[in-house]
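Notes follow once the structure below has been shown.
Lettering follows sequence order; numbering is per chain, from 1. Scope of the values below: all heavy atoms of this structure, side chains included, with no hydrogens, waters or symmetry mates.
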There are 2 protein chains.
Amino acid sequence: MKKRQITIKDIAKSLNVAPSTVSRALADHPDISKETKELVLAFAKEHKYKPNALALSLRTSNTKTIGVILPQIVHFFFSSVLSGIEDEAEKAGYRVIISQSNEVFEREVRGAYTLQESRVCGVLASVAKTTTSFSHFQELIDSGVPVVFFDRICTGILTDRVVVDDYAGVQTAVEYLINTGCRRIAFYGSESHMPISRNRRMGYEDALRKHGIFVDKSLMTICNNYKDALAITPSMLNLPEPPDAFFAVNDETALGILNVVKAKGLKVPDQVSICGFTNNAIAEISNPQLTSVDQHGYEMGATSMRLLLDHIEGRRESDQIVNKIIKTNLVVRETTR
Amino acid sequence: MKKRQITIKDIAKSLNVAPSTVSRALADHPDISKETKELVLAFAKEHKYKPNALALSLRTSNTKTIGVILPQIVHFFFSSVLSGIEDEAEKAGYRVIISQSNEVFEREVRGAYTLQESRVCGVLASVAKTTTSFSHFQELIDSGVPVVFFDRICTGILTDRVVVDDYAGVQTAVEYLINTGCRRIAFYGSESHMPISRNRRMGYEDALRKHGIFVDKSLMTICNNYKDALAITPSMLNLPEPPDAFFAVNDETALGILNVVKAKGLKVPDQVSICGFTNNAIAEISNPQLTSVDQHGYEMGATSMRLLLDHIEGRRESDQIVNKIIKTNLVVRETTR
DNA sequence: TTGTACGCGTTATCAA
DNA sequence: TTGATAACGCGTACAA
């Protein structure tokens, strides 16, 4: 039951004028007489005329649309970023098409392809964990579609990036733990090849070294979710020299640790400090409230979008690459001294 | 530096054939000779030809795009729904444009308008709290754009709806509390005029009445976030006859209650039972783990999308209205007996 | 087997 | 002040 929407032609026919006249009247062109304008405007309003964005885009070669490729919408961090992107896009009069990869490489590629078919003006992307080949992104850039990577960037590709200062964020947090008296600090990280994972690990190691603390591999583990944290933490606590603090690369993991530690009867933060990363909504809600490194997802989204718009609207040399770094900040709550 | 993408015309010119020949070759039309086809396909592949979705949409009057209007992307429930929508849309070959209202009426209206300009094939919407006039949705429907409301529906408008069985969900949960020995059950709800709020309240009241328990207004309060729960709960506990159980319309609120109750030194669930709604990721992570009513956001999104597709692709009489109800289920964890 | 012409909805250009 | 025309990229009915 597809009802065709009313067009300029329809208005023209009904009013016995030329389509071009209607177009000009609607655009408030100075050449059009007051009477014709009023006539057209009244008719358009009555029949709820809405310009066809497709036809407009085709004519102007400008879709006023940007595409977002991200791993998972449901994650707090990514949905925060998306929210920032959408708010900023709407302010600038751009539409937003989303494509979630669900961490599946093939779907990410398909998404990039579809966005290009849609002739988006630009793409904001955060790559899937399984992605190791980046030609789908390179193809976008080669076709003249600006791409800005956020968070999970793509080192192989020369383009704008917006990242959080993972390294400094972790280092600051770990130093805080050290300064509050912790000496055996465990690190729960991701094994991935992605820069963010490496940066966080380095931030941890360097903080220890800076304070002359031995980097003990037995305190470092691959663990980045709640369930695994429940499974792994008991053995950590049973070490001959157990940790007196934990740093986790996300808040779910930190809460897993917290729950195990509490169940063991250890006092938080008196005997064990815990610090997470992201500053998820859950950090504030946990008990005791979780100390965490705020990743400012919303701001990252808004910043990425603004960067992309600079490109799209020609406010910047296109061959100039910008790397924005979003400052993290440590939100000290109750799981640390 | 907007580089124009390669078109069928470009290919035609380079290969000295007519555009229509290229078009047919790309579509694997039987009339085209093998040689020409191979020639065209090879050239297209080499130059990374991608069909222009705009031109195609304009020709076929079919954008293969759907629009989503929702209050806030960052909420766990809504991002779950969105994820379900996107997955189902991608399966069916549809693009997804998002528009978040941030609970602001004017922005919701603008979103509906923009989606109509984009000539979306259909719209999935959940209305803002501040929305009391619905003409922007009616206008979509009047223009032949099918609309499916999810969760926060619009009673004034005759169209498909997908809701969770709030009433039954709450009733079941409250009955569970009653059956496990609770008698003074507090209710933390929303004051809104929206059906979901009313349904939940009725589910609560009816469960009590069914079991011959007096509906005590002093146990019912307007409270639907963590902070307010921290503020309000102490006075609840100081009532002459304090509650022995709490039901909250979302999980953040339930956790606020939980934290206050624990701080008071009351045993959960021995002295006080607590039940939330949504079954947020945080429910599993809290300590003790929160009993909650699972709202199945992802499934709601997927179901809504499928319903919309039935409409769009003509698999259903367009004047027939469908109300889908997503069954909730009570996930009993550790905050209830 | 391939080419020509048209239309989808719009606006800029030129002509009247 | 208004109208006719062409073009954006594509597919298809019709002609060759």
Side-chain angles (χ1 to χ4, degrees), chain A residues 2-41 43-44 47-65 116-121 143-144, chain B residues 2-41 43-44 47-65 114 116-121 143-145:
Chain A
K2 174 133 286 176
K3 226 190 304 174
R4 208 175 50 83
Q5 305 223 16
I6 188 174
T7 72
I8 283 190
K9 277 187 189 172
D10 297 331
I11 302 181
K13 212 167 282 176
S14 301
L15 260 41
N16 270 321
V17 292
S20 49
T21 305
V22 176
S23 171
R24 280 181 281 228
L26 290 170
D28 202 24
H29 192 101
D31 282 358
I32 301 290
S33 74
K34 206 161 197 165
E35 303 90 57
T36 323
K37 250 182 220 176
E38 278 167 7
L39 204 67
V40 169
L41 254 47
F43 191 93
H47 292 79
K48 318 235 162 104
Y49 167 77
K50 306 225 173 37
N52 185 324
L54 270 72
L56 241 141
S57 299
L58 189 60
R59 235 198 89 77
T60 60
S61 313
N62 183 357
T63 56
K64 286 287 213 170
T65 303
Q116 212 171 337
E117 286 189 341
S118 303
R119 298 296 189 266
V120 291
C121 304
S143 316
Chain B
K2 176 133 282 177
K3 227 190 304 178
R4 208 176 52 82
Q5 306 225 15
I6 187 173
T7 72
I8 282 190
K9 275 188 192 171
D10 297 330
I11 302 182
K13 210 167 285 177
S14 302
L15 262 41
N16 271 321
V17 292
S20 53
T21 305
V22 176
S23 171
R24 279 182 280 231
L26 290 170
D28 202 23
H29 193 100
D31 281 359
I32 301 291
S33 74
K34 206 160 199 170
E35 303 90 58
T36 325
K37 250 181 219 174
E38 279 167 5
L39 204 67
V40 169
L41 255 47
F43 191 93
H47 292 79
K48 319 240 163 101
Y49 168 77
K50 307 228 172 34
N52 184 326
L54 269 74
L56 241 144
S57 298
L58 190 59
R59 228 196 91 77
T60 61
S61 311
N62 184 358
T63 56
K64 286 289 214 168
T65 303
T114 307
Q116 213 171 337
E117 287 189 341
S118 304
R119 298 295 189 267
V120 291
C121 303
S143 316
V145 180

Given 3.5 Å as the limit, does a donor-acceptor pair link the side chain of [X] with the main chain of [Y], or not?
X        : Y       : result
B/Ser143 : A/Gln5  : no
A/Thr7   : A/Lys9  : yes
B/Thr60  : B/Leu56 : yes

Side-chain N or O of [X] less than 4.0 angstrom from OP1 or OP2 on [N]?
X       : N     : answer
B/Thr21 : C/dG3 : yes
A/Thr36 : D/dT2 : yes
B/Lys9  : D/dC8 : yes

Let me know, please, whether B/Ser23 or A/Val17 comes out on the 5' side of the other along DNA chain D by nearest nucleotide.
-> A/Val17
Just the rounded figure in Å: distance from [atom2] of [N] to [atom1] of [X].
X       : N      : atom1 : atom2 : value
A/Ile6  : C/dC8  : CD1   : P     : 15 Å
B/Lys13 : C/dG3  : NZ    : P     : 14 Å
B/Arg59 : D/dC8  : CZ    : P     : 17 Å
A/Ile8  : C/dA12 : CD1   : C1'   : 13 Å

Identify whether any heavy atom of B/Thr7 sits under 4.0 Å from a base atom; if not, whether one sits that close to sugar-phosphate; answer base, sugar-phosphate or nothing.
-> sugar-phosphate
Look at all strands and tell whether A/Pro51 reaches a base, only sugar-phosphate, or nothing, counting heavy atoms closer than 4.0 Å.
-> sugar-phosphate
Using the closest heavy atom to pick a nucleotide of DNA chain C for each, name whichever of B/Thr60 or B/Lys37 lands nearer the 5' end.
-> B/Lys37
Who pairs with B/His29 by ring-ring contact (aromatic ring centres under 6.0 Å, His included), at least two apart in sequence or on another chain?
-> none
Tell me which residues in residues 24-33 of chain B put a heavy atom below 4.0 Å from DNA chain D, sorted by number, or none.
-> B/Arg24
